[in-house]
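Contents: one structure, followed by commentary.
Each chain gets a letter, A, B and so on, in the order the sequences are listed, and its residues count up from 1.
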Amino acid sequence: MAGWVLCVTLVLAALAGVEGESRYEKFLRQHVDYPRTSTLAAHRYCETMLARRQVTAQGRPCKPSNTFVHAPAQDLVAACSREPDASGFQSTPTAMGITACRLRGGDTRPPCAYRARQVQHHVRVACRDGLPVHLAGTYAPPQ
Amino acid sequence: MELDIQCEEMSPSRWAELLTTMKSCKTIRLDDCNLSSSNCEDLSSIINTNPSLTELKLNNNELGDAGVEYLCKGLLMPSCSLQKLWLQNCNLTSASCETLRSVLSAQPSLTELHVGDNRLGTAGVKVLCQGMMNPSCKLQKLQLEYCELTADIVEALNAALQSKPTLKELSLSNNTLGDTAVKQLCRGLVEASCNLELLHLENCGITSDSCRDISTVLSNKSSLMDLSVGDNKIGDSGLALLCQGLMHPNCKIQKLWLWDCDLTSASCKDLSRLISTKETLTEISLIDNNLRDSGMEMLCQALKDPKSKLQELWVRECGLTTACCKVVSSALSTNKHLKVLHMGENKLGDAGVELLCEGLLHPNCNIQSLWLGNCDLTAACCATLATVMTTKQCLTELDLSYNPLEDEGVRKICEALRNPSCNVQQLILYDILWSAEVDDELRALEDSKPEVKIIS
């Protein structure tokens with residue numbers, strides 16, 4: 001009994017990435033939340049989601065910003081069949097609900113506190129083999 | 001022994017298993033584990049039968065007032081010697097405050113109470129303050145962020161502060177207090193006998209109007225080491241007033257957070273004087289203030305002053321461009337104390353980073369942690385960055401997130417990382433597009449060098 005330390009740490013993100021995840025799966029994990037998860041305290045959406053999606057964790061620096069798209073994964077996959085722009089990225093044909101999370105304060109050491117901004121934006125993605133693997137940004141619908 | 005679990009839903013068998021473990025744990029953290037009031041009954045008996053438990057963190061579980069009722073039964077037992085209690089975002093209301101008050105009055109071992117993100121309201125926290133007034137209460141740290149507090153709370157808080165010389169840390173961030181209340185709080189803090197070390201008033205509706213009173217706290221409380229007024233529109237005029245207190249010889253400030261305070265380059269004259277004369281100042285955050293190149297140049301002059309002991313400078317998103325990089329470089333080649341530099345979200349560009357690297361490579365420079373996320377960097381600057389990585393043994397953390405480095409750039413960085421003279425332990429590469437091949441190369445690199453973490 002003496003001398004053994006039991007430390008049950010199950011913070012998965014502290015380990016070397018989420019095991020066996022494809023780039024598309026990682027994209028969904030970090031960027032797609034549909035339907036939008038409702039949180040008890042509305043202002044805690046970003047903290048809650050980023051922790052649950054293993055983006056923020058103990059021992060990991062706080063990600064300065066992250067966008068969650070509130071649309072079915074299929075809608076983003078569909079963007080991949082559209083004509084790429086000059087930078088090689090593809091945009092969704094319609095605007096979708098997004099939450100842009102921005103780190104509050106400055107500290108990149110957890111606990112990570114965020115500000116959330118909800119808008120309707122087009123989403124720009126980079127696709128490989130017909131699947132989105134990278135969120136290149138979002139933009140407001142042209143007026 | 002410690003139990004530390006985050007974001008895990010508990011099945012009944014898993015819970016039973018953990019309960020056995022918890023009986024001998026010194027610290028327990030169960031964050032966002034879908035716990036409810038029924039789990040609290042079990043936790044209460046653990047608290048009761050585990051006299052070595054010092055820390056209990058149950059943030060982000062919908063325990064509710066009923067849950068806290070159960071917990072407190074255990075917490076009120078004389079055998080309980082809990083020191084730190086965290087119940088943030090647990091769906092508590094003012095109804096929980098009566099029970100928490102009893103704990104505060106009965107448990108002299110309790111030194112930390114974190115109850116932010118609960119709708120306690122002014123009425124609820126007034127009750128907590130009553131608990132604090134009890135001489136048995138030896139509370140040192142009180143965290144009340146996002147508790148729906150209003151200006152009315154200050155009277156009760158001041159009364160509690162008067163009675164609590166043990167209080168070291170107070171956080172009231174994200175409560176709509178307003179200037180009148182904050183001024184009143186400052187007067188209370190000056191009168192109180194407590195040696196407050198940390199005061200956080202972010203997003204409290206503070207304007208320049210409160211800054212004279214905050215300044216008075218700074219010049220009266222030598223104990224105050226950590227002040228944050230981020231996310232308040234104090235502006236340049238507010239900062240000027242704050243500096244009066246900050247520059248006072250009694251003020252021994254170490255960490256100062258002024259992020260998103262509506263500051264411009266006009267504030268940088270005062271800030272420079274602060275940086276070059278306040279030898280206790282080790283960390284300053286100026287994130288999201290439009291300081292611009294002219295402002296940054298003034299700060300850099302201060303960094304060149306040998307009296308400056310600043311270790312961490314955060315100027316992310318400050319409207320900086322390539323134009324300031326020469327002066328920053330010059331500061332880096334003179335300043336030996338600066339360890340952490342955040343310059344992300346500024347349009348520095350490849351040319352800017354090339355200039356920065358000149359300074360970084362200087363033997364005087366001791367930078368350990370460098371943040372250049374979203375700075376318009378491409379593969380073009382990666383060769384020079386690679387040289388810094390393999391030359392400066394002091395550099396252990398590097399962030400290049402959100403830059404279109406592409407495969408070419410990422411490969412150059414990886415090559416540097418493989419070099420045995422590279423000491424970088426955390427390489428942060430969020431939101432960079434690279435190929436599947438590079439993805440595999442990064443994974444292989446992490447496997448071959450287990451002391452390195454590549455974070456994306």
Side-chain angles (χ1 to χ4, degrees), chain A residues 1 4-17 22-23 26-27 30-31 39-41 43-44 47-48 50-67 87-89 102-108 110-111 113 115 125-129 133-137, chain B residues 1-8 18 21 24-25 31-32 59-60 62 89 91 117-119 145-146 173-174 202-203 228 230-231 257 259-260 285-288 314 316 342 344-345 369 371 373-374 397 399 401-402 404 426 428 430-436 439 443 446-447 450 453-456:
Chain A
M1 177 89 165
W4 63 279
V5 177
L6 177 66
C7 182
V8 184
T9 309
L10 290 174
V11 182
L12 301 173
L15 306 174
S22 74
R23 293 196 297 158
K26 182 175 176 179
F27 173 85
Q30 294 193 342
H31 298 299
T39 52
L40 183 61
H43 68 266
R44 287 200 62 85
E47 285 90 350
T48 308
L50 290 169
R52 286 189 186 166
R53 296 299 184 87
Q54 293 153 47
V55 178
T56 61
Q58 306 272 78
R60 252 172 105 91
C62 300
K63 193 178 185 214
S65 63
N66 191 78
T67 299
S87 318
F89 300 131
R102 250 178 83 217
L103 189 65
R104 290 173 62 86
D107 215 339
T108 46
R115 271 195 273 216
V125 294
C127 302
R128 295 293 181 268
D129 301 326
V133 294
H134 173 78
L135 188 75
Chain B
M1 293 181 209
E2 50 173 66
L3 184 69
D4 190 336
I5 301 181
Q6 186 175 318
C7 300
E8 187 190 303
L18 284 175
T21 313
S24 42
C25 281
D31 190 323
D32 195 9
N59 294 354
N60 305 306
E62 276 197 53
N89 192 31
N91 198 18
D117 294 297
N118 290 299
R119 311 182 80 164
E145 290 193 32
Y146 277 118
S173 299
N174 301 299
E202 300 178 346
N203 189 29
S228 176
D231 200 8
W257 286 19
W259 57 275
D260 196 10
S285 171
L286 296 164
I287 290 180
D288 203 2
W314 306 347
R316 188 171 84 226
H342 284 254
E345 310 217 12
S369 179
W371 298 69
N374 199 14
E397 189 171 59
D399 169 44
S401 302
Y402 300 100
Q426 276 206 139
I428 302 140
Y430 285 122
D431 288 307
I432 297 175
L433 178 63
W434 53 64
S435 64
D439 206 43
R443 263 185 252 241
E446 266 194 301
D447 288 340
K453 275 202 284 189
I454 299 177
I455 294 168
S456 67

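Although no hydrogens or angles enter the test, the distance criterion places a donor-acceptor pair under 3.5 Å between the side chain of A/Q30 and the main chain of B/S456.
A donor atom on one side chain and an acceptor atom on the other are found under 3.5 Å apart for A/R104 and B/N174.
The candidate from B/E62, B/R119, B/E345 with the greatest count of non-hydrogen atom pairs under 4.5 Å with chain A is B/E62. Comparing A/A126, A/P64, A/S65, A/S87 by heavy-atom pairs within less than 4.5 Å of chain B, the highest count is held by A/S65. When each of B/D31, B/I432, B/N374 is scored by its heavy-atom pairs under 4.5 Å with chain A, the top score falls to B/I432. Considering only heavy-atom pairs separated by less than 4.5 Å from chain A, the leading option among B/I455, B/D117, B/N118, B/I454 is B/D117. Each of A/A41, A/A136, A/A51 has some count of heavy-atom pairs under 4.5 Å with chain B, and the biggest count is that of A/A51. Heavy-atom pairs under 4.5 Å with chain A peak, among B/A436, B/P450, B/P404, at B/A436.
Residues B/L433 and A/V133 are in side-chain contact: their nearest non-hydrogen atoms beyond the backbone lie under 4.5 Å apart.
A/T56 and B/Q6 get closest at one heavy-atom pair: O-NE2, 4.3 Å.
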(request) Assess whether side chain to side chain contact (heavy atoms under 4.5 Å, CB included) is satisfied between B/D4 and A/Q58, documenting all intermediate values. (result) CA-CA 10 Å; B/D4 190 336; A/Q58 306 272 78; 4.1 Å; yes
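In this structure, chain A has heavy atoms under 4.5 Å from both the backbone and the side chain of B/N91. Contact annotation for B/I428: only side-chain heavy atoms (C-beta onward) come within less than 4.5 Å of a heavy atom of chain A. Contact of A/F89 with chain B is made through the side chain alone, with heavy-atom distances under 4.5 Å. For B/D431, the parts lying under 4.5 angstrom from a heavy atom of chain A are both the backbone and the side chain. With a 4.5 angstrom heavy-atom cutoff, A/R52 touches chain B via backbone and side-chain atoms both.
Interatomic distance, B/Y430 OH to A/N66 CG, rounded to the nearest 0.5 Å: 9.0 Å. Distance check: A/L103 CG to B/R316 CZ gives 5.0 Å after rounding to the nearest 0.5 Å. Here the straight-line distance linking atom CG of B/D32 with atom CZ of A/R44 works out to 9.0 Å at 0.5 Å rounding. B/N89 CG to A/T39 OG1: the interatomic distance, rounded to the nearest 0.5 Å, is 8.0 Å.
Checked for salt-bridge contact, A/R115 and B/D288 meet the test: a charged N lies under 4.0 Å from a carboxylate O. The residues B/D439 and A/R128 are annotated as not salt-bridged, no charged nitrogen and carboxylate oxygen being separated by less than 4.0 angstrom.
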